[in-house]
There are 2 protein chains.
Amino acid sequence: MALRYALLAALHESPATGYELTQRFRSRLANVWNASHQQVYRELGKLLEEGKLLAESVPQPDKPDKKRYHLTVAGQKDLKQWLDKPQPRPPAKDPFLVKLFAGNLADKAVLQGEAEKMREEWERQLAYYRSIEEEYFQQPDALPAHYRYQYLALRRGITQVIASLEWLDELENGL
Amino acid sequence: MALRYALLAALHESPATGYELTQRFRSRLANVWNASHQQVYRELGKLLEEGKLLAESVPQPDKPDKKRYHLTVAGQKDLKQWLDKPQPRPPAKDPFLVKLFAGNLADKAVLQGEAEKMREEWERQLAYYRSIEEEYFQQPDALPAHYRYQYLALRRGITQVIASLEWLDELENGL
DNA sequence: CCTTACATGTAACAAGTTACATGATTAG
DNA sequence: CTAATCATGTAACTTGTTACATGTAAGG
């Protein structure tokens with residue numbers, strides 16, 4: 001049930017097309033929520049049917065129209081209600097840790113290769129998050145409420161990735 | 001597709017019943033993988049059909065029999081093959097961060113309440129992981145390979161929770 | 001020519017959740 | 001008597017993945 005609220009929250013920030021929402025999930029929202037374009041289009045269709053969204057057709061020169069979605073009052077109300085209901089913590093699911101658990105069966109070189117890839121991915125992510133931090137959140141204390149919350153979400157991503165990289169050092173020493 | 005390998009990995013550690021596997025997912029494997037008992041029983045059924053597992057009926061005095069599952073050779077081979085194939089990183093999905101993203105709409109008291117609950121949960125988890133660490137992993141360097149890998153998985157849980165608690169401090173200051 | 005980005009979808013299948021169902025034993 | 005733990009499942013539904021499908025525009 002949370003995908004729909006992730007979409008409503010993203011559209012509360014600003015109207016967007018399905019394509020743009022999919023991109024946000026892969027970039028700025030990467031540490032918050034994720035969904036493939038197929039899921040996004042399907043869920044947008046449902047939300048539209050239910051009257052939680054409005055679709056505005058945006059004509060483009062030399063290209064087919066694109067559909068920009070906006071929250072309706074009903075959509076905002078729905079989001080607000082969800083926000084006020086406590087949600088359970090998401091369960092951890094990490095295939096790499098599953099592998100470690102059966103680590104004595106695994107090929108050490110394969111694990112080391114995966115560790116190397118993880119490092120690259122996390123370093124790329126950290127650099128990206130840092131660049132957002134520097135560009136938009138120089139004086140976090142002076143931020144209007146709207147951005148302060150987003151900054152806290154970003155800080156979550158940053159602190160998690162830093163801790164992950166530190167653990168990777170431990171891992172590569174122990175592997 | 002990963003649930004089946006989580007089960008095979010858990011059964012590679014030691015044979016167990018569906019009930020016990022469900023419990024492991026909630027305790028020692030909480031930072032590794034998670035599944036409800038319904039999922040566990042269904043997947044065990046499939047694995048049994050496919051010949052990846054054998055079920056041994058264990059009679060109990062005054063209680064109905066329970067079924068203890070063992071890896072077969074085919075099951076071990078299957079697990080081994082999966083271990084050697086790199087897996088994609090799991091996508092992040094955190095409803096609480098979704099809430100932060102629309103934080104200016106949310107009720108501050110509700111967010112603070114959730115933050116409080118998270119703290120309790122993480123502190124409980126950390127204490128639990130620490131207790132395992134102290135009981136079984138006193139001299140990590142002297143550990144046989146089998147346990148060394150499990151220790152690295154445990155360290156992942158510990159470092160993540162510590163980072164989470166530090167972020168919580170930031171959050172509660174900023175909320 | 002080929003690949004990447006833009007832009008939107010459908011269909012089939014796998015994974016995960018929620019509700020329902022049953023029955024024994026143990027601790028308060 | 002009641003709740004919790006042990007122990008195992010089925011059925012319906014929702015969510016997420018993979019494969020398929022189509023077409024434009026820009027850059028190398």
Side-chain angles (χ1 to χ4, degrees), chain A residues 1-8 15-27 29-30 32-50 53 55-69 82 85 87-95 98, chain B residues 1-8 15-27 29-30 32-50 53 55-69 82 85 87-95 98:
Chain A
M1 274 285 84
L3 166 60
R4 72 188 303 117
Y5 299 106
L7 289 169
L8 293 177
T17 67
Y19 187 80
E20 286 162 358
L21 289 164
T22 307
Q23 283 181 127
R24 279 194 221 171
F25 280 143
R26 279 203 302 252
S27 55
L29 294 178
V32 172
W33 202 264
N34 177 276
S36 64
H37 80 270
Q38 292 92 331
Q39 250 188 303
V40 168
Y41 286 122
R42 183 169 56 187
E43 198 64 33
L44 286 174
K46 282 190 208 166
L47 288 166
L48 194 62
E49 253 185 66
E50 295 169 21
L53 302 179
E56 161 202 16
S57 208
V58 181
Q60 300 183 108
D62 305 328
K63 278 193 213 173
D65 293 8
K66 59 183 181 182
K67 289 186 224 162
R68 176 172 298 144
Y69 292 92
W82 180 78
K85 233 190 306 169
Q87 298 301 317
R89 296 270 72 218
K93 293 193 175 188
D94 188 334
V98 171
Chain B
M1 275 282 83
L3 167 60
R4 73 186 304 116
Y5 299 106
L7 289 169
L8 293 177
T17 66
Y19 186 82
E20 286 162 359
L21 289 164
T22 307
Q23 282 182 127
R24 279 195 221 171
F25 281 142
R26 279 202 303 250
S27 56
L29 294 178
V32 172
W33 202 264
N34 177 277
S36 63
H37 80 270
Q38 292 92 332
Q39 252 187 302
V40 168
Y41 286 121
R42 182 167 58 187
E43 199 65 32
L44 286 174
K46 284 189 207 166
L47 288 166
L48 194 63
E49 253 185 66
E50 295 169 21
L53 301 180
E56 163 203 12
S57 208
V58 181
Q60 300 182 109
D62 305 328
K63 279 192 213 173
D65 292 8
K66 57 183 180 181
K67 289 186 224 162
R68 176 173 297 145
Y69 292 92
W82 180 79
K85 233 190 307 169
Q87 298 300 319
R89 296 269 74 219
K93 294 193 174 188
D94 188 335
V98 171

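Within every chain, numbering begins at 1; the chains are lettered A, B, ... in the order of the sequence lines, protein sequences first and strands thereafter. From a predicted model like this one, the values you see are computed outputs, not experimental measurements.
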What's the verdict on side chain to side chain contact (heavy atoms under 4.5 Å, CB included) for A:R89 and B:D94, showing C-alpha distance, side-chain angles and the deciding distance? CA-CA 7 Å; A:R89 296 270 72 218; B:D94 188 335; 2.7 Å; yes
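- Taking 4.0 angstrom as the limit, A:S36 places none of its side-chain polar atoms (N or O) nearer than this to OP1 or OP2 of D:dT18.
- With rounding to the nearest 0.5 Å, the separation of NZ in A:K85 from OH in A:Y5 is 6.0 Å.
- Atom CE in A:M1 sits about 13 Å away from atom P in C:dA19, given to the nearest Å.
- If you take CD of A:Q87 and P of D:dT15, they are 12 Å apart, rounded to a whole angstrom.
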Run A:L7 and A:F25 through side chain to side chain contact (heavy atoms under 4.5 Å, CB included) and show every step you take. CA-CA 10 Å; A:L7 289 169; A:F25 280 143; 3.8 Å; yes
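- Separating the NZ atom of B:K66 from the P atom of C:dA24 is a distance of 18 Å, rounded to the nearest angstrom.
- Rounded to whole angstrom, the span from the CG atom of B:L44 across to the P atom of D:dT10 amounts to 12 Å.
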Report the C-alpha separation of A:L8 and A:W82 in whole Å, then their side-chain angles, then the decisive distance to 0.1 Å, and conclude whether the side chain to side chain contact (heavy atoms under 4.5 Å, CB included) test is met. CA-CA 10 Å; A:L8 293 177; A:W82 180 78; over 6 Å; no
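- Listed pair A:Q23 / C:dA5 fails the phosphate criterion, with no side-chain N or O lying under 4.0 Å from OP1 or OP2.
- Distance, B:L3 CG to C:dT17 P: 10 Å, rounded to whole Å.
- In this structure, B:K67 reaches the D:dG9 phosphate: one of its side-chain N or O atoms is under 4.0 Å from OP1 or OP2.
- Under 4.0 angstrom from either OP1 or OP2 of C:dT8 there lies no side-chain N or O belonging to A:Y19.
- Look at CD on A:E20: it is 14 Å from P on C:dG9, rounded to the nearest Å.
- Contact annotation: A:K93 side-chain N/O to C:dG16 OP1/OP2 distance is under 4.0 Å.
- If you check D:dT17, C:dG16, C:dT8 against the side chain of A:Q39, the one that comes closest is D:dT17.
- Distance from the side chain of A:R42 is smallest for D:dG16 among the nucleotides D:dG16, C:dA15, D:dG9.
- You'll find that the side chain of A:Q38 is closest to D:dT18, out of C:dC20, D:dT18, D:dT8.
- At the phosphate of C:dA14, neither OP1 nor OP2 sits under 4.0 Å from any side-chain N or O atom of B:K46.
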Please test A:E50 against A:K46 for side chain to side chain contact (heavy atoms under 4.5 Å, CB included), starting from the C-alpha separation and ending with a verdict. CA-CA 6 Å; A:E50 295 169 21; A:K46 282 190 208 166; 4.2 Å; yes
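- Atom pair A:W33:CH2 and D:dT15:C1' shows a separation of 10 Å (rounding to whole Å applied).
- Each of B:Y41 and B:P91 lies near DNA chain D, and the nucleotide nearest B:Y41 is the one positioned closer to the 5' end.
- Put simply, NE2 on B:H37 is 10 Å from C1' on C:dA21, counting in whole angstrom units.
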